[in-house]
Visitor: 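Got a structure here, written out as structure tokens. Questions coming.
Since the model is a prediction, treat every value here as computed from it, not as a measurement. Residue numbers start from 1 in every chain, and the chains themselves are labelled A, B, ... in the order their sequence lines are given, proteins ahead of strands.
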Number of protein chains: 2
Amino acid sequence: MQSFIKYAESSDFSIYNIPFGVAVFGQEYIACATRIGDMVIDLATLYDFGYFNDIEGLTDNIFEAYTLNEFIELGKPVTSAVRLRLQELLLEGSALSADTKSIEECFYALDHVKMMMPVHVPNYTDFYSSIEHATNVGKMFRDPANALLPNWKHLPVGYHGRASSIVVSGTDIIRPKGQMKPADADMPVFGPCKQLDFELEMAFIVNKNTEMGESITTAQAEDAIFGMVIFNDWSARDIQSWEYVPLGPFLGKNFGSSVSPWVVTLEALNRFRTASPVQEPEVLDYLKFDGDKNYDINLEVYLQPENGTETLISQSNYKYMYWNMAQQLAHHTVNGCNVEVGDMYASGTISGENPRSFGSMLELTWRGQNPLELENSEERKFIQDNDTVIMRGYAEKDGVRVGFGEVAGKILPAV
Amino acid sequence: MQSFIKYAESSDFSIYNIPFGVAVFGQEYIACATRIGDMVIDLATLYDFGYFNDIEGLTDNIFEAYTLNEFIELGKPVTSAVRLRLQELLLEGSALSADTKSIEECFYALDHVKMMMPVHVPNYTDFYSSIEHATNVGKMFRDPANALLPNWKHLPVGYHGRASSIVVSGTDIIRPKGQMKPADADMPVFGPCKQLDFELEMAFIVNKNTEMGESITTAQAEDAIFGMVIFNDWSARDIQSWEYVPLGPFLGKNFGSSVSPWVVTLEALNRFRTASPVQEPEVLDYLKFDGDKNYDINLEVYLQPENGTETLISQSNYKYMYWNMAQQLAHHTVNGCNVEVGDMYASGTISGENPRSFGSMLELTWRGQNPLELENSEERKFIQDNDTVIMRGYAEKDGVRVGFGEVAGKILPAV
């Protein structure tokens, strides 16, 4: 497929992608958007030009909105049809390609656009579904010989996180203060976190509301998932390690999480499906699934100090996930817990076997024992003030590339 | 103070209370409401009659709403003024008392009204702030000699819960299914929860949005708290005990929580202030506070089997709380975590020293070892299908009673 919008071969936003987001166009105007190459398209105005007129189920201009929630609540039949329509419209020789008025009014160069949070997030859950990450953490903090806890291979362990502090890429994050207990101290102390970390994750977004008591099976799960973003689950390790027993992470996490602005649909990711790691022991029936439910998505983390260049510090892949999205959603709802449109379900840190594929500073530096060397020869055990962490992700196969762009966040000093 | 609306001396909804809720009046009409005795008052229509005209900051009829969020976001100066105005209007001899047209249109007998969730809850946090409860759980599941974990007396331990499944009193709760690992089994099993429990809690509701990076001090906290409800944190003990390490409770809790429909303001509770238990060791500076920050609120739990009468199974009191609301909110935000209007912050199970004051079946029966005997001579280790759990709460002092009414929920069989 060739688009009349030209873009680099290395662009994440090829004609095969067609992601969705929410953009501020110019100074003030906000609407739902898609992107191809470095061009961002105002879907609300495109709707007004009649390009979606015959799409069944799309009867209002729900692109005139500050979030994608209304759009994605329409469900797969509509959101897939809109994506396919956009793909057609962006092809060489399409009706739109000759409609200079619509192009002039709907198409914006990337640098005239600012991205917002793509969805309102009613509920946020964080899983813990990478076996390599769970094993690394278990080795460091518990028993190296029995790193995985007994439940880990039987269910996708997860916990509820803080929805209010999920922000879009580009939002600065203030270093949290809190209570910590240094290993050599008798009493806890208060101050700025000294072990600030990122966690390389991906998150999926749900497109429906369910009733309490209703479950979503592994077979139904993909119909309930609109798409995915890259997710940085910022973590204050020293706050977390003191607070987290027995009820889990709290202030060590809830000061902020960052997401990439473009939601890549499951349809766009379909060609990058791959098998999951073998699950042994066999899982209970409600966690069984058919077909390839994992995705081969390359993930990279870069650290950029103030006034410095980026250093690639991790290369991981979503395909390492032990538990897949269908299992996560089936598990989350098997007890009747209701889900809501826009809910975000994050994977947990995505680490591979290779130490260069670990998805957090905690693992990359092994609790600070092996500092990372940056391009400018500085060392990092954890993240310092004014460092920017950038995560990028893309899938590539047979010359087709579909990517997420990036999620970037800069750490400001504690206030 | 005497109201022109007559009510029993034992009513929770005296002229000193004036709580806020959201009611369905008749078949369909929904509006914000208050209650005195057994009379529920439609505030939206009362607003239209001009009774709030001169209240500064109240410029729209925000009582025409499905939640209290817009009202409580106006902040204490407005919400307190509205409450005081209502108190005046309900006194004998008031202008309203002679306004038969307004009374006819705004006042509904209780049995013509159905209560809804009082607020939309953007975020829900559950604390663990009763020392007796934490000690009981620690004795049962960890080490009787070191029941409290090392962090417990240094910070109000808490975790994020599920906002989507908080429902109003009267909503049936379906017994959750899930994964459990019986003590004598090698592998986990799947099925309906066998150890269904309640947790007697109270929750406070926040009236403001803060920015990320902003903190609320213990001195500022009460201005940010609109009021309180009784909160039943339903818990599936067998699901919880298998899943909860290392990231905390998840499916054992998120299938449902129930709240009482009337939000009692901190102003109404003011006369029931009392000192907290002494905190030793001394807490860090950001957790210190001045004055009496606890409240003397009697709490009761009743269990009613299908076609049976209620049995009083627990009598506790909110004043047992080791950590108070001001400390909880200061802790929650000391790292810059932002709060949102309508957020619910629950206390954790409220147990006293006396075994009859324990706030859960887990503690009352000591993990099922000492079953409770009901009025109809049945026994209960945990909650059975078609049992209804009813929690009631009220404060009483010098002849003044201010109460919460009740939160009731019936357990339906697993589906």
Visitor: Tell me, side chain or backbone of A:His331 under 4.5 Å from chain B's heavy atoms, or both, or neither?
Guide: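 Contact with chain B involves both backbone and side-chain atoms of A:His331.
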
Visitor: Which of residues 150-157 of chain B get closer than 4.5 angstrom to chain A, counting heavy atoms alone?
Guide: B:Pro150, B:Asn151, B:His154, B:Leu155, B:Val157

Visitor: So which of A:Cys337, A:Ala414, A:Gly252 has the biggest tally of heavy-atom pairs under 4.5 Å with chain B?
Guide: A:Cys337

Visitor: Does any heavy atom of chain B fall under 4.5 Å from the side chain of A:Arg175, the backbone, both, or neither of them?
Guide: neither

Visitor: Given heavy-atom pairs under 4.5 angstrom as the criterion, report whether the side chain, backbone, both or neither of A:Thr125 touches chain B.
Guide: side chain

Visitor: Can you say whether B:Thr333 sits under 4.5 Å from chain A via the side chain, the backbone, both, or neither, judging by heavy atoms?
Guide: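 Neither the backbone nor the side chain of B:Thr333 comes within 4.5 Å of chain A.
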
Visitor: Need one label for A:Val415: side chain, backbone, both or neither, based on atoms under 4.5 Å from any heavy atom in chain B.
Guide: side chain

Visitor: Tell me whether the count of non-hydrogen atoms from other residues, nucleotides or ligands lying under 6.0 Å of CD in A:Gln220 goes above 12.
Guide: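 Yes.
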
Visitor: Can you name the residues of residues 179-197 of chain A that have some heavy atom under 4.5 Å away from a heavy atom in chain B?
Guide: A:Gln179, A:Met187, A:Pro188, A:Val189, A:Phe190

Visitor: Just verifying a value: how many Å separate B:Trp242 CH2 and A:Leu149 CG, rounded to the nearest 0.5 Å?
Guide: 9.5 Å

Visitor: Under 4.5 Å from any heavy atom of chain B, what part of A:Leu287 do you find: side chain, backbone, both or neither?
Guide: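 Just the side chain, heavy atoms under 4.5 Å.
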
Visitor: Rounded to the nearest 0.5 Å, how far does CG of A:Asp343 lie from OG of B:Ser164?
Guide: 6.5 Å

Visitor: Mind checking the CG-CG spacing from B:Asn338 to A:Asn254? Nearest 0.5 Å is all I need.
Guide: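 Atom-to-atom, B:Asn338:CG and A:Asn254:CG are 8.5 Å apart.
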
Visitor: May I ask you to test the A:Tyr159-B:Pro249 pair for a side-chain heavy-atom distance under 4.5 Å?
Guide: no

Visitor: Show the nearest heavy-atom pair for residues B:Pro246 and A:Tyr128, with the distance to one decimal.
Guide: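 Heavy atoms only, the tightest pair is CG-CE2, 4.1 Å.
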
Visitor: Within residues 130-141 of chain A, which positions have a heavy-atom distance to chain B below 4.5 Å?
Guide: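 Contacts with chain B: none.
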
Visitor: For A:Ser165, enumerate each residue passing the side-chain hydrogen bond (donor to acceptor under 3.5 Å, both in side chains) test, keeping only those at least two apart in sequence or located in another chain.
Guide: none

Visitor: Between chain B and each of A:Gly178, A:Ala163, A:Gly161, A:Gly336, count heavy-atom pairs under 4.5 Å; write down the option with the most.
Guide: A:Gly161

Visitor: Which pair of heavy atoms, one from B:Gly256 and one from A:Met212, lies closest together, and at what distance?
Guide: CA-CE, 3.9 Å

Visitor: To the nearest 0.5 Å, how far apart are NE2 in A:His332 and CG in B:Leu251?
Guide: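 Here the rounded value is 7.0 Å.
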
Visitor: Given that the side chain runs from C-beta out, which part of A:Ile173 has a heavy atom under 4.5 Å from chain B: side chain, backbone, both or neither?
Guide: side chain

Visitor: Could you check whether B:His160 and A:Phe250 have their ring centres less than 6.0 Å apart?
Guide: yes

Visitor: Are the side chain of B:Asn335 and the backbone N or O of A:Pro176 linked by a donor-acceptor pair below 3.5 Å?
Guide: no

Visitor: Between chain B and each of A:Val339, A:Ile239, A:Ile174, A:Val245, count heavy-atom pairs under 4.5 Å; write down the option with the most.
Guide: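 Winner by heavy-atom pair count: A:Val245.
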
